[in-house]
2 protein chains.
Amino acid sequence: MPAQPNQSLIDGLRVLQTLVSHGQSVGSRDMAAILGMEPTRANRLLGTLAAVGLAEQGTDRKYRPGPGVHVLAAQSLQGSHLLSCALPHLEALREENLAPDLVVALGVLWQRQVCYLFHARPRMALSQAIGTHELEPAGNSSIGVILLAQTGVGEEVALAEAELSGISKPPLPSLSESVAHARREGFGRLDFRQGEVSLAVAIGEPVIAGLAVSAKFEAAQIPVALARLQETAALIAREMARKS
Amino acid sequence: MPAQPNQSLIDGLRVLQTLVSHGQSVGSRDMAAILGMEPTRANRLLGTLAAVGLAEQGTDRKYRPGPGVHVLAAQSLQGSHLLSCALPHLEALREENLAPDLVVALGVLWQRQVCYLFHARPRMALSQAIGTHELEPAGNSSIGVILLAQTGVGEEVALAEAELSGISKPPLPSLSESVAHARREGFGRLDFRQGEVSLAVAIGEPVIAGLAVSAKFEAAQIPVALARLQETAALIAREMARKS
DNA sequence: GATTGGAAGTGCTTTTATAGCAATTTGATT
DNA sequence: AATCAAATTGCTATAAAAGCACTTCCAATC
């Protein structure tokens, strides 16, 4: 933490990240409530984002991402390198016969939610798998589990679990159990109701993202899939390191 | 412009956008010089970005994008929708036989530079075309030309032209001529030395991005390519509108 | 190893931008 | 037209930010 952090910038970035992740437009009072912020403050920060093009208002006066977000997307994609390093490997992973109806995903953790850069269902064209999947609570995603396991302190996991309890979803083991398992084993695993198993590994040291495959694996195929995941994660991490 | 814009947020965003677009790490004094900012200020804003994970320092103490940029990339990709709406259409465009050795590109304009979300050279895999192309001065790109034509006031064009004169590149017509032509005709066109022609149209109203194809076109094929570009831009714009 | 120089970072204090309260404006609903 | 709630603004006190001077750090040079 620097000697004099700039609080306006910190709070403004919180507003921006919430706005672009929200999935629907949001009023300034709602934004204030979401962030636990005094309403005038939220309104002023949103207005500032609008002034620079990162937000805009609809006829209902609610705020949504503005034209500057396309620029920010292009810039941060380039600054990040993650998607460009990972994509060829994700493609290769999909082309293997790890399991029928394989899902492949690449995601990052933000406030106990998984934000997917890539999420490809079976037979989905690559061009439809990029930046199209909605946010997921960390506890509903093996990527969330492995990322919480590697980055989350106890409070963060408890918070994620509390958030999960208000959401109607298929029953999963308790999040803290999943996280503990991931800490022991070094990978995330979630078993869904219809026999689907989702496996995730971390990318990078320190961890920057999670890579997952999901399918109805034969039991004997799970270690194979896991090994392949780990290999792919290592390739991506190496390529990322080379770009730095 | 709101009654009370937050100047710290505005300046912090400038620093962030410059950092993630820069392509190499940058010291705090250099950042100050680039942005015409007092050095302590730049240092403090960079330190703040580092505190929230959007920047990090290497052993040389220079700043580069930090792990939070992967999150920001994922979030802004989702908030933007542009790449996800455009990708299937870009893929379709590449699969047509508009010309041999066709380049297809999608870019946005930032400070008289084109930042590419997508830039595919001939025979390049889709997975290698996303977020991989470096920034280009607007005057070297037909996307830049059309975007300046539709958004740039006179000063902006003059600035872009001045910036271009310091860069060694193949000779092109003067930028203001290209921009004037684009304003008249409604599309951007640049003719390069080896007979390559680059054509670009704007996406959206108001314009949000530019779409270009580039090749050694037969003269008779140019209107065909242009019509196809315009169609594709309209499809993308319609899909973007549907998502709002 | 010691010295030098430049960059990053900090402490301090003044400055001013920001925050929050209260009032106004806006737009939808009845 | 009246009502209500959300967005926005004006005003002013204050706390955060800015900038100057100094300190720390690190790489290069001797």
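Below, read A as the first sequence line, B as the second, and so on, with proteins coming before strands; counting in each chain starts at 1.
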Quiz item: How many angstroms lie between OH in A:Tyr63 and CG in A:Asp30, if you round to the nearest 0.5 Å?
Solution: 12.5 Å
Quiz prompt | Heavy-atom donor-acceptor pair, B:Arg121 side chain to B:Val103 backbone, under 3.5 Å | solution = no
Filtered N/O pairs between nucleotides 20-29 of chain D and protein, under 3.5 Å:
unit_1: D:dC20; atom_1: N4; unit_2: B:Thr40; atom_2: OG1; d: 3.4

Quiz item: Whole-Å distance between D:dG19 C1' and B:Asp11 CG?
Solution: 14 Å
Self-check item: Side chain A:Ser84, main chain A:His81, donor-acceptor under 3.5 Å
Solution: yes
Quiz item: Counting distance only, does the side-chain N/O of A:Arg14 pair as donor-acceptor with the main-chain N or O of A:Leu35 below 3.5 Å?
Solution: yes
Practice problem: Taking B:Thr48 for its side chain and A:Asn6 for its backbone only, find out whether a donor-acceptor pair lies under 3.5 Å. | Solution: yes
Atom pairs, protein N/O to nucleotides 15-17 of chain D N/O, distance under 3.5 Å:
unit_1: D:dA17; atom_1: OP1; unit_2: A:Asn6; atom_2: OD1; d: 3.0
unit_1: D:dA17; atom_1: OP1; unit_2: A:Gln7; atom_2: N; d: 2.9
unit_1: D:dA17; atom_1: OP1; unit_2: A:Ser8; atom_2: N; d: 2.9
unit_1: D:dA17; atom_1: OP2; unit_2: A:Pro5; atom_2: O; d: 3.3
unit_1: D:dA17; atom_1: OP2; unit_2: A:Gln7; atom_2: N; d: 3.3

Quiz item: Given the rule in the side-chain hydrogen bond (donor to acceptor under 3.5 Å, both in side chains) test, do B:Glu136 and B:Ser141 qualify, once you have shown the distances and angles that lead to the verdict?
Solution: CA-CA 7 Å; B:Glu136 194 100 51; B:Ser141 155; over 6 Å; no
Quiz item: Rounded to the Å, how far apart are B:Leu45 CG and D:dA18 P?
Solution: 6 Å
Quiz item: Rounding to a whole Å, what distance do you find between A:Arg64:CZ and D:dA7:C1'?
Solution: 16 Å
Quiz item: Could you state the NZ-P distance from A:Lys62 to D:dT8, rounded to the nearest angstrom?
Solution: 13 Å
Exercise. To the nearest 0.5 angstrom, please state how far the CG atom of B:Leu106 sits from the NE2 atom of A:His70.
Key: 10.0 Å
Self-check item: Interatomic distance where CE belongs to B:Met31 and P belongs to C:dA7 [whole Å]
Solution: 15 Å
Quiz item: To the nearest 0.5 Å, how far apart are CG in B:Leu13 and OG1 in B:Thr18?
Solution: 10.5 Å
Practice problem: With rounding to the nearest 0.5 Å, note down the distance linking CG in A:Leu19 to CD in A:Glu56. | Solution: 9.5 Å
Quiz item: Just how far, in rounded Å, is C1' of D:dT8 from CG of A:Leu46?
Solution: 12 Å
Quiz item: Nearest-Å distance, CE (B:Met1) to P (C:dA17)?
Solution: 14 Å
Quiz item: Atom OH of B:Tyr63 to atom C1' of C:dA7: distance rounded to whole Å?
Solution: 11 Å
Exercise. Output yes when at least one side-chain N/O atom of B:Asn43 is less than 4.0 Å from OP1 or OP2 of C:dG9, else no.
Key: yes
